[in-house]
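Written below as structure tokens is the structure these notes are about.
Keep in mind the model is a prediction, meaning the values are calculated, not measured. Per chain, numbering begins at 1; letters A, B, ... match sequence-line order.
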Number of protein chains: 2
Amino acid sequence: MDELDSAIVRLLQTDARQSNRELARQLGIAPSTCLERVRALTRRGVIRGYHADIDPAALNRGVQALVSVQVRPLSRVVIDGFKTFASGLPEVLHVFVLSGGDDFLLHVAVQDLDHLHAFLTDRLSKRGEITGFRTSLIFQQVSDTAPVRLPAPD
Amino acid sequence: MDELDSAIVRLLQTDARQSNRELARQLGIAPSTCLERVRALTRRGVIRGYHADIDPAALNRGVQALVSVQVRPLSRVVIDGFKTFASGLPEVLHVFVLSGGDDFLLHVAVQDLDHLHAFLTDRLSKRGEITGFRTSLIFQQVSDTAPVRLPAPD
DNA sequence: GTTGAAAATAACTCAGA
DNA sequence: TCTGAGTTATTTTCAAC
């Protein structure tokens with residue numbers, strides 16, 4: 001990961017569909033060099049994939065919420081089981097496995113408030129390992145689509 | 001948004017860099033038709049962009065955390081001010097503006113635990129509007145990179 | 001809307017620096 | 001590791017359906 005790799009990563013985070021030529025032009029290098037760099041980054045696992053960013057409204061997901069969940073007992077079996085269950089639900093965008101006060105955070109996106117209520121009561125409440133959960137509606141969301149590389153730890 | 005649009009969106013969520021030809025082949029339509037559909041989806045704002053998915057470790061962001069934050073007073077000025085402040089910090093990946101128990105959730109990614117501590121004490125604690133925050137470390141994360149379109153609300 | 005074929009661009013390969 | 005020219009493939013346009 002030299003400066004050139006960082007610059008490539010930054011540009012592809014911002015716009016993953018720009019051509020290799022355009023990428024090379026912005027970096028001041030030959031297209032073949034740029035292509036080889038991108039391939040090396042992919043081979044090394046630095047670039048994990050490319051995804052289109054879709055407006056949630058177009059997917060009929062006008063309501064988003066964050067649900068923090070506590071489960072007991074905090075065993076590997078229970079944690080892995082709930083993680084697998086939650087990540088398989090169509091309403092769930094992200095599952096975070098946490099330490100601290102909460103054990104899980106679920107980022108969910110549904111059609112409307114009725115469906116959010118149904119999700120909480122029909123899906124979550126039926127799981128015996130859940131000892132409590134708390135729901136916060138998302139009003140706004142700001143995302144950094146191109147997080148930069150930070151200085152290496154000393 | 002007919003079935004064809006949904007299929008295009010799903011394929012581009014999974015792999016945004018596949019060629020238009022390949023996309024058209026999978027859908028059983030002509031490349032020019034596919035191109036026109038993609039352009040229409042972009043024009044309508046359904047497709048908002050394309051982003052490379054980068055391994056956080058390559059960006060020296062080995063430690064991720066979720067920080068729930070309460071601010072007071074809950075006025076528009078304070079909310080907008082904190083949102084702008086938080087989204088401008090290099091450590092912050094996402095800012096969620098919430099209702100309910102918490103006012104904000106920050107998804108942060110930093111080099112190590114020392115930097116997380118520094119972020120909490122040097123950045124957050126200095127803001128007068130913050131009346132409390134709570135930090136959870138992220139151990140694992142599962143993401144649905146291709147959320148499907150849900151049935152429209154009745 | 002959709003299509004197929006032509007023209008314009010880009011991707012990819014590879015030998016040499 | 002980088003480059004540039006040659007080959008292969010794709011994108012893009014557009015007239016017709």
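One end of the helix from C/dG1-D/dC17 to C/dA17-D/dT1 points its axis 30° away from the other end's axis, with each axis taken from 5 pairs and the angle rounded to 10°.
Residues from residues 9-20 of chain A that place a heavy atom under 4.0 Å from any atom of DNA chain D: there are none.
With sequence neighbours excluded, no residue forms a salt bridge (Lys or Arg N to Asp or Glu O under 4.0 Å) with B/Arg21. In this structure, the salt bridge (Lys or Arg N to Asp or Glu O under 4.0 Å) partners of A/Arg134, at least two apart in sequence or on a different chain, are B/Asp102.
Checking A/Arg149 against A/Ser6 by side-chain atom types alone, a donor-acceptor pair falls below 3.5 Å.
Here A/Arg25 does not reach the OP1 or OP2 of C/dT9: none of its side-chain N or O atoms lies under 4.0 Å away.
In the 5' to 3' direction, nucleotides of DNA chain D lying under 4.0 Å from heavy atoms of chain B begin and end at D/dT10 to D/dT13.
Through ILVMFWY side-chain contacts below 4.5 Å, B/Leu35 is grouped with nothing and stands alone. Other residues sharing a hydrophobic cluster with B/Leu93 under the 4.5 Å side-chain heavy-atom criterion for ILVMFWY residues do not exist; the residue is a singleton.
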Give every donor-acceptor pair under 3.5 Å between a side-chain atom in residues 48-59 of chain B and any protein atom, sequence neighbours left out.
residue : atom : partner : partner atom : Å
B/His51 : ND1  : A/Gln13 : O            : 2.6
B/Asp55 : OD1  : B/Ala57 : N            : 3.1

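In this structure, the side chains of B/Thr42 and B/Val46 stay at 4.5 Å or more apart for every pair of heavy atoms.
Sorted by first and then second residue, the salt bridge (charged side-chain N to carboxylate O under 4.0 Å, His left out) pairs involving residues 114-126 of chain B (not counting sequence neighbours) are B/Glu91-B/Arg123. Applying the ring-ring contact (aromatic ring centres under 6.0 Å, His included) test to pairs two or more places apart or on separate chains, those with a residue in residues 97-126 of chain A are A/Phe82-A/Phe104, A/His94-A/His107, A/His107-B/Phe96. Sorted by first and then second residue, the pairs that involve residues 34-46 of chain B and meet salt bridge (charged side-chain N to carboxylate O under 4.0 Å, His left out), not counting sequence neighbours, are B/Asp2-B/Arg37, B/Asp5-B/Arg37, B/Asp5-B/Arg44, B/Glu36-B/Arg43.
Of all heavy-atom pairs spanning B/Ala109 and A/Leu150, the tightest one is O-CD1, 3.7 Å.
The nearest whole Å value for the distance from the CG atom in B/Leu35 to the P atom in C/dT9 is 15 Å.
Partner of A/Leu106 under the side-chain contact (heavy atoms from CB on, under 4.5 Å) criterion, out of A/Leu124, A/Leu66, A/Leu89: A/Leu124 alone.
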- Message: A/Val97 vs B/Ile138, test: side chain to side chain contact (heavy atoms under 4.5 Å, CB included). Steps then yes/no.
- Response: CA-CA 6 Å; A/Val97 184; B/Ile138 299 174; over 6 Å; no
Are there any protein N/O atoms within less than 3.5 Å of an N/O atom in nucleotides 1-3 of chain C, and if so, which ones and at what distance?
residue : atom : partner : partner atom : Å
C/dT2   : OP1  : B/Arg37 : NH2          : 2.9
C/dT2   : OP2  : B/Arg37 : NE           : 2.9
C/dT3   : OP2  : B/Ala30 : N            : 3.3
C/dT3   : OP2  : B/Thr33 : OG1          : 2.5

